[in-house]
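Here is the naming used below: chain letters follow the sequence lines, and residue numbers restart at 1 for every chain.
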Amino acid sequence: MNTNLPKNYDPNEFESRIYNHWMEKDYFKAEVNPDKTPYSIVLPPPNITGQLHIGHALDHTLQDILIRWKRMQGFETLWQPGTDHASIATEVKVVEKVREEEGLSKLDLGREGFLEKAWQWRDEYGRKIVEQMKKLGNSCDWDRERFTMDEGLSEAVTEVFINLYEKGLIYRGNRIINWCPDCKTSLSDAEVEHEEKGGHFWHVNYPVVDSDETIEIATTRPETMLGDTAVAVNPNDERYNHLIGKKAIVPLINREIPIIADDYVDPEFGTGALKITPAHDPNDFEIGLRHSLPQIVVMNDDATINKNGGKFEGLNRYEARKQIVNELKEAGYLAKIKEHQHNVGQCYRCDTVVEPLTSDQWFVNMEPLAKPAIEAVKNEKIKFVPERFSKIYLHWLENIRDWCISRQLWWGHRIPAYYCQDCQALMVSKEKPHACDKCGSDKLKQDEDVLDTWFSSALWPFSTLGWPEKTKDLAYFYPTDVLVTGYDIIFFWVVRMAFSGLEFMDEVPFKHVFIHGLVRDSDGRKMSKSLGNGVDPLEVIEKYGADALRFTLVTGNSPGNDIRFHMEKLEASRNFANKLWNATRFVLMNLDEEKIAYEDIKDDLNTADQWILSRLNTVAKEVTDNMDKFELGLAAQKVYDFIWSEYCDWYIELTKSRLWGENVKEKQAAQYTLSYVLNNILKLLHPFMPFITEEIWQNIPVFEGSAIVAQWPVYKENQVNKEAEEKMELIMEAIKNLRNVRAEMNVAPSKKAKLIVLPGNDQAKATILEGKKYFVALGSVTEIEFTTDKEQIPADAVSTVINGAELFLPLDELIDFEKEIQRLEKEQAKLEGEIKRVVGKLSNQGFLAKAPEHLVQVEKEKQVKYQQMLDVVLERLQALKK
RNA sequence: GCGAGAUUAACUCAGCUGGUAGAGUGCUUCCUUGACGUGGAAGAAGUCAGGGGUUCAAGUCCCUUAUCUCGCACCA
C-alpha cells in the first residue's frame, strides 16, 4: 500500500484538523444515557486573569488522559469545562489596564462603568483560554461551558447564601479580619501567605499611673500602640502581680489603660507584659472580648493612620512606626531594640503586608460544615491520591476558623443583603425587597460588597450541572469521579467543594482527589512573571506539538510531586512521536489494500508474531492497572517502551524477511500482526498522545472509526503465550550476545560469518533453528551449522553462551586471541559472581525454609544454568590458551 | 514548634503491594541495512544520604541522624 504520510512527523500539519474532526463528530458530547455508566470530571475553571500557563497544561493533560481513557472503556464521559471570574485577581488586572490605557481609576469609572470593562476583559480572555485548551487537545464538552458569574451559577450562589443565612451558618459581624491595604479588601485566612522576615523588637516602657514604676512591653509593630486599650500580664507572674488592676499610660498619646491578667500571656516570652490592641491583632482581639476592652481602629483602608492616631494621622503605617520609635526614644520611653525574626502575613495576590483589623464583614460559621467534610475523608468517601494529602486537608479542617466571605470589591457576586436606610434593618433575599420588614421604609440599599471568589467555585461540581434545579444531568453525573488539581489549592477549593457538596447535595462532590505538583523551571524555581521564567504552552505546541508537550508533562513523574520542565525532554517526546510516525510508514508500505482476516492466518503466525501478541496483551494489562491507580506516568512509560523497544526495535525487524519473501501465507501473517499490534498501540497511546494516534488511525484504511472512540484493549488471560515469549527471549538473547561479541572484537557489521551452534538440549536447538532467519537478518550470520563434536569447531572462533547452547563465530583472520581470552575471562568472572550469590542463597537454611517455593526453584534453576555456562567458558578458555 | 516530601548513574527523574537497580539526556565506540540520523547496534557509569533495626531477603518496612524543599501554627 502506498503511504501518503510525509517522512517527518509534523504536528502542525494535522493537530488543528484532527481537533476539528472530533468537534464535528461530537465525540466530546456527554449525555444522560441510562445504558452507560457515567464518568465525570469537572475542570478546575481557570482564572480569566490571563493566558494559561504550563501548570494548566499539566492539570488539563492529566484530566484529558483520564477522560479519553474512560471514554474508550465505554463510559459516558463528561468533562465539564468553564472559567472562573477570579474576583480579586481579575479586578486587580482590570484596574491596572484601565489605569494604563485610559488613565482612569475604579472610582472614576464608577461601579457600572467598571463592571462593563471587566466583562469586556472576561470576553477577551475567556475566549483566549478556550482556544488554548483546544490546542492542548482537551476533550471537554464545550456545549456545557460555564462561567462562575453566568446567570445559572449566580443563581446557585444566591441560593446557597440565603440558605446558609437562614440556617444561621452565615452571619454578619464585626470581627478581626485580614485587610490588604493595597487591594483594599478583606481576605480569608487562606488568602494570607506567611513569610519569615527580619524585623525588630522594640521594648517600650509604659508608665504606671500613680507610681514611679514602668512596665516594659515588647512589640514588633509600635504603630499599633495608638490603638492599645490594655496591658496584659500572666496572673501567675510574680513580677507583675502587684500591678494587676492598676492603670498604665500609653506613651506619646497619654491614654490610661488597665493592666489586666490573662492566661494567654507567656511570661517567658519578651518581657512577659503584652500590650493589647484588640482592633489590630487577632490574639489581642480575643483577649479584648474576654475583658470587654474597647477596640480602637487606628488605620484607614489604605493603612494610613486615621484620626484615632492623633498627631500621627495621615502617615502610612511604616512612616508612623518610624516616627513613633523616634519620639519614644527622644522622650525616654524606649528601653531597647532587638533584632527579631517573625512571620509576616502577606496578600496572596499583591504581596502587600496584611493588616489585621476589626471590620464589619460576612462570615460562614465553619464548624458545623467542616464536620461532615472531615468524616467524608476519614471514611474514605473521598480519597486523596497520593494518600498523604488527606492529612493536610484534615489538619486544616480540624483547625478551621470562620470564613470571611465578604470582599470590598466590585467584580464578583454582590451579596444579596439589603439595609434599610431608615431603621438599619438587614434583609437577605434573592431580589431587592420593596419595603423594609421592620419599618416599611422603601429606602433600601444593597450591600456594597461581593463574595469571596471561592464561594462560587465551591459550588462548581453541582452548579455547573444545573443546581438548584433538580436536573437529570445532576442525578446522572453527580458526584463526579475525580477531581484533578494542584496541592496548592487544597485549602482554597477542595475543602470548600467538599463541605458545599455535602451540605447541598448531601453527597461528596468527587470520589477521588488526584493531586499533582507544580511545574518548575529547569533550575527548580517556581515559574513566575517576575522571574520571566514562565513557559507559554502555545509556543511549545507550535514548536513540538501538543502531543509532545502532553507526553513530556506526564512521563517520569509521580502523583503529587513537582516537575522540572526541560526543553530536552520535549525533544525526546517529539522524537518518540516521530518514531511511531515512521513505524506507521513502514507498516503502511508493507500492507496490502484489503484487510486480512484472523481466521485466514491464525495457523501461520510464527513465534515472533505470537510473542508480540502475547506481549501486547500483557502490556495492555500493565497500562490499565497503572491507570486504575492514577499512575499515569508509569502507564505512559510502559506504552513508550513497548512501542519503541519491542515493536520497533525488534518486532518490525523480525517481520522483514517474511514481508519481502515469497511465501504469501507467511507474509500475510506478518502483515496481520503488524497491523493488529499497531492498531492496539494507537489505542493504548491515544489518551496520552491523542493527535498523532488519531492522525495515523485516519490514514490506515483498514482501521475503522476513530481512535478517540476505539475500544480500550482488554487483557485476556488465554492470550498469554509463555512458550513463544520464552523462545523469542532466547533468540533475542543470542542475537544480543552475538552483536556484543562482534562489537567487543571490533568486527565490522559488513563482515558476515557462519554461526556454529553446540546445543545443550533439543529444545534450544529447535528454537535456534526456528529463529534462523532472525540470526541472518539481525546477527550478521550467513548460515547456521549445528554440531555436537567440539573438535569440529575451528580454533579461531569467538564464542558466547546462552541458556542451553554455545555459539561460535569463526572469524579467522579477524580474531585477536589475547583479546578473546580477556573477554572470556571477564565473562567467567561475571558468571562466578552470579554463582557465588546463588549458592550463598541456596545454602542459607532460612531462605530454603521460609522463602516461597517458586523462588527457591528459580534460584536452583539459575545455579544449574550459570554452572553450565561457566563450564563452557572455562573449557573454551582452556582450548584457547593451548 | 507540628506535619509532609525529597536525598537512587554526570544531569533530570522512575522504581506500585520487600525477592539479583531502570529510563531519558549526556558520554565512548561502531553503522549511509530498502520506516525513522528526530535513526540503529554495542558499551562505560550507582556502598540506592549516614547509622541502627525487622526479615531467609530491604532502594522498598520501622527507628534515628544529617542536608534540602514545602505546608501549618505561631509569642506580642
Side-chain angles (χ1 to χ4, degrees), chain A residues 3 5 7-9 193-194 201 217-221 224 232 264-266 268-277 281-284 287 340 342-343 386 388-389 391-392 395-396 399 487-488 490-491 517-518 522 524 544 548 552 555-558 560-566 568-569 571-590 625-626 629 631 633-634 637 640-641 645 648-649 652-653 656 660 735-736 739-744 746-750 777-778 780 833-834 837-838 841 844-852 854-856 858-859 862:
Chain A
T3 166
L5 295 184
K7 190 171 165 184
N8 282 322
Y9 160 69
E193 287 174 349
H194 295 272
F201 231 163
I217 58 95
T219 179
T220 54
R221 295 186 296 152
T224 61
Y264 171 79
V265 182
D266 176 2
E268 305 296 316
F269 192 83
T271 65
L274 174 61
K275 67 189 230 15
I276 305 296
T277 322
D281 182 279
N283 294 311
D284 293 7
I287 295 172
H340 183 64
H342 63 145
N343 259 343
R388 64 182 137 97
F389 288 100
K391 266 196 182 174
I392 296 175
H395 182 259
W396 203 73
N399 296 285
Y487 57 70
D488 51 334
I490 291 175
F491 304 141
L518 265 41
S522 56
Y544 296 97
T552 297
T555 45
N557 66 276
S558 46
N561 287 0
D562 289 352
I563 303 165
R564 290 198 196 194
F565 194 79
H566 292 273
E568 292 82 1
K569 203 170 163 193
E571 266 174 54
S573 302
R574 191 266 326 264
N575 293 353
F576 171 56
N578 186 65
K579 185 72 181 175
L580 175 64
W581 186 261
N582 279 290
T584 303
R585 291 181 61 232
F586 174 84
V587 173
L588 274 173
M589 285 172 187
N590 290 287
D625 288 350
N626 279 306
K629 289 184 290 185
E631 290 282 1
L634 291 181
Q637 191 64 46
Y640 177 97
D641 288 340
S645 315
C648 293
D649 287 348
I652 283 184
E653 295 304 324
K656 284 180 178 173
W660 301 331
I735 291 171
K736 278 185 200 166
R739 285 168 172 173
N740 174 289
V741 167
R742 296 176 62 105
E744 291 214 0
N746 291 330
V747 181
S750 53
L778 308 176
S780 298
E834 289 300 317
R837 195 188 56 78
V838 175
K841 223 170 179 181
N844 180 338
Q845 286 308 312
F847 178 74
L848 293 176
K850 298 196 176 174
H854 73 276
L855 285 170
V856 177
V858 165
E859 294 300 322
K862 274 183 192 165

inquiry  = The side chain of A:Ser558 is closest to which nucleotide in this list: B:A14, B:G34, B:C74?
reply    = B:A14
inquiry  = Has A:Asn582 got a side-chain atom pairing as donor or acceptor with A:Asn578's backbone, closer than 3.5 angstrom?
reply    = yes
query = A:Asn561 side chain N/O closer than 4.0 Å to the phosphate oxygens (OP1, OP2) of B:A14?
reply = yes
inquiry  = Quick check: do A:Tyr487 and A:Arg388 have side-chain heavy atoms less than 4.5 Å from each other?
reply    = no
query = Checking only heavy atoms, does the side chain of A:Glu859 share a donor-acceptor pair with the base of B:U20 at less than 3.5 Å?
reply = no
ask   = Within this structure, what is the CD-to-P distance between A:Glu571 and B:U38, rounded to whole angstrom?
value = 10 Å
note = From CG of A:Leu634 across to C1' of B:C13 the rounded distance in Å is 12 Å
ask   = What's the CG-C1' distance between A:Asp649 and B:G24, to the nearest Å?
value = 15 Å
inquiry  = Taking the nucleotide of RNA chain B with the nearest heavy atom to each, does A:Glu568 or A:Arg388 sit closer to the 5' end?
reply    = A:Arg388
ask   = Looking at A:Lys656, does any N or O in its side chain come under 4.0 Å of the phosphate oxygens OP1/OP2 on B:A35?
value = yes
inquiry  = Could you tell me how far apart A:Phe269 (CZ) and B:A73 (C1') are, to the nearest whole angstrom?
reply    = 14 Å
ask   = Which whole-number value in Å describes the distance from A:Phe576 CZ to B:A35 C1'?
value = 15 Å
task = State whether A:Lys391 places a side-chain N or O below 4.0 Å from either non-bridging phosphate oxygen (OP1 or OP2) of B:G3.
result = no
request  = Would you mind telling me which of B:U38, B:C56, B:U20 lies closest to the side-chain atoms of A:Asn578?
outcome  = B:U38
ask   = Looking at B:G19, B:U38, B:A42, which one has an atom nearest to any side-chain atom of A:Arg739?
value = B:A42
inquiry  = It should be established whether A:Lys569 places a side-chain nitrogen or oxygen under 4.0 Å from OP1 or OP2 of nucleotide B:A23.
reply    = no
key: Side-chain N,O (A:Arg564) to OP1/OP2 (B:C13) below 4.0 Å   = yes
message = Using whole Å, what does the distance between atom C1' of nucleotide B:G15 and atom OH of A:Tyr640 come to?
response = 17 Å
query = Can a side chain N or O of A:Asn575 be found less than 4.0 Å away from OP1 or OP2 on B:G39?
reply = yes
ask   = Under 3.5 Å, is there an N or O donor on one side and an acceptor on the other linking the side chain of A:Glu653 and the base of B:A35?
value = yes
message = Please determine whether a side-chain nitrogen or oxygen atom of A:His340 lies at a distance below 4.0 Å from atom OP1 or OP2 of B:A76.
response = yes
Below 4.0 Å: OP1/OP2 of B:G43 and any side-chain N or O of A:Asn740 = yes
request  = May I ask you to evaluate whether A:Thr219 reaches the phosphate of B:A76, defined as a side-chain N or O under 4.0 Å from OP1 or OP2?
outcome  = no
ask   = Any idea which of B:G71, B:A76, B:U55 is nearest the A:Thr220 side chain?
value = B:A76
request  = To the nearest 0.5 angstrom, please state how far the OG1 atom of A:Thr584 sits from the OH atom of A:Tyr9.
outcome  = 11.5 Å
task = Look at the side chain of A:Phe201 and decide which nucleotide, out of B:C74, B:A76, B:C36, has an atom nearest to it.
result = B:A76
request  = Return yes if some donor-acceptor pair links the side-chain N/O of A:Asp281 with the main-chain N/O of A:Thr277 below 3.5 Å, else return no.
outcome  = no
inquiry  = Under 4.0 Å, heavy atoms only, any strand: does A:Leu778 hit a base, just the sugar-phosphate, or nothing?
reply    = nothing
